[in-house]
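Single-structure report; data block below.
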Amino acid sequence: EGTTAEKIDAMVRVSDAPAIEALGVLSNATLIENDLTSEALNRGVTNVRQVSTWLALFTALSGVLISIAVAIILSRGAVRPAGRIADSMKQLAEGDTDVDFPDRNDRTEVGIIATVATQFADTLRHNQKLRAESEAQADTQRAMAAEQAGLLEEQKALQARIDQENAERKTHQDRQEDLQRELARA
């Protein structure tokens, strides 16, 4: 109990110095190993950060490229055809019925809109044709009515002339009868 490590070493006749020295060397080796491991970990962390940075840049660039590709596809597939349909509808609204609606054969919503717009334009053209035919018939009927009115006026004028001639004949005949009676009395 109260004995020191040196007294115990002297009794056992073993020295702790080589073991302590070995522990010091082991401690130094562990520190060196820890430093090397720490440096390796730091390099690994740096590498991971660089890879993460490149990966993030690649992901962002890929996202931008995909967005551009989607925008181009949408532009070609929907925006441009919709713009062409809108232009054709404006022409139709301005009265140009000889308008063509592109993309009618497209099986998307744009194609459906183009098909319906084409049907609308066809109906409008048909209605304009019917209106023109109706106006032509009305013009023909007005011309016939005017001609009929002219013929009626001519008929009235002829009847008036006939009535006047008949009246003159009657007057002339009455005078002749009067003259014949006077001659017969004479």
Side-chain angles (χ1 to χ4, degrees), residues 47-186:
N47 287 340
V48 167
R49 283 184 184 156
Q50 287 176 346
V51 168
S52 295
T53 301
W54 284 108
L55 186 59
L57 286 173
F58 176 75
T59 303
L61 183 60
S62 296
V64 168
L65 292 176
I66 290 171
S67 297
I68 290 171
V70 167
I72 289 170
I73 290 169
L74 285 177
S75 173
R76 288 186 180 164
V79 175
R80 283 184 192 165
R84 288 192 297 265
I85 291 172
D87 291 342
S88 296
M89 287 299 288
K90 286 177 189 173
Q91 287 177 319
L92 189 63
E94 292 169 356
D96 181 8
T97 58
D98 292 329
V99 67
D100 183 40
F101 289 93
D103 305 307
R104 288 189 308 263
N105 298 325
D106 191 356
R107 294 186 181 262
T108 64
E109 289 81 359
V110 172
I112 293 168
I113 292 170
T115 301
V116 170
T118 299
Q119 291 170 349
F120 178 74
D122 291 343
T123 301
L124 186 60
R125 280 190 285 273
H126 181 71
N127 288 345
Q128 285 180 339
K129 179 183 174 190
L130 291 176
R131 184 181 306 121
E133 289 173 359
S134 175
E135 288 174 2
Q137 285 178 350
D139 290 344
T140 301
Q141 286 177 349
R142 280 191 288 275
M144 289 173 64
E147 185 179 337
Q148 193 175 27
L151 289 173
L152 187 60
E153 287 300 316
E154 283 181 31
Q155 184 181 10
K156 285 180 184 179
L158 282 172
Q159 187 63 46
R161 260 180 59 205
I162 290 171
D163 288 347
Q164 183 181 1
E165 286 177 6
N166 284 341
E168 286 175 4
R169 253 191 229 128
K170 177 80 170 142
T171 303
H172 189 65
Q173 193 176 21
D174 285 348
R175 274 175 85 198
Q176 269 185 348
E177 286 177 3
D178 284 344
L179 282 175
Q180 280 180 353
R181 270 186 247 147
E182 276 184 35
L183 277 175
R185 274 190 253 178

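What you see is a predicted model; the values in this text were computed from it and never measured.
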Spacing of [atom1] belonging to [X] relative to [atom2] belonging to [Y], to within rounding of 0.5 Å:
X      : Y      : atom1 : atom2 : answer
Ile72  : Ser67  : CD1   : OG    : 11.0 Å
Asn127 : Arg125 : CG    : CZ    : 11.5 Å
Met144 : Leu151 : CE    : CG    : 11.0 Å
Ile113 : Thr118 : CD1   : OG1   : 11.5 Å
Arg84  : Asp100 : CZ    : CG    : 11.0 Å
Ser62  : Leu55  : OG    : CG    : 9.0 Å

* **Residues forming a side-chain contact (heavy atoms from CB on, under 4.5 Å) with Arg142, sequence neighbours excluded** =>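 Ala138, Asp139.
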
* Asked: Do other residues, nucleotides or ligands put more than 12 heavy atoms under 6.0 Å from Glu147 CD?
  ->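 Counting neighbours around CD of Glu147, 12 or fewer heavy atoms of other residues, nucleotides or ligands fall under 6.0 Å, so no.
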
* Got a sec: does the CD of Gln155 have more than 12 other heavy atoms crowding it under 6.0 Å? ->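 Open.
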
* Asked: Can you tell which of Glu177, Gln176, His172 makes a side chain to side chain contact (heavy atoms under 4.5 Å, CB included) with Asp174?
  ->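 Exactly one pass, corresponding to Glu177.
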
Over all atoms of both residues, closest heavy-atom pair of [X] and [Y]:
X      : Y      : answer
Leu92  : Thr97  : CD1-CA, 4.0 Å
Ala114 : Phe101 : O-CB, 3.9 Å
Ala82  : Val110 : N-CG1, 4.2 Å
Val99  : Gln91  : CG2-OE1, 3.0 Å

* To do: Decide, yes or no, whether a salt bridge links Asp178 with Arg181 under the criterion of side-chain N to carboxylate O below 4.0 Å.
  =>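 Salt bridge flag = yes for Arg181 with Asp178.
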
* Asked: Do side-chain atoms of Thr115 reach the backbone of Gly111 as a donor and acceptor pair under 3.5 angstrom?
  ->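 Yes, because the side chain of Thr115 sits within donor-acceptor range (under 3.5 Å) of the backbone of Gly111.
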
* **Pair Gln159, Asp163: side-chain N/O donor-acceptor within cut-off below 3.5 Å** =>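 Result is yes, a qualifying pair exists.
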
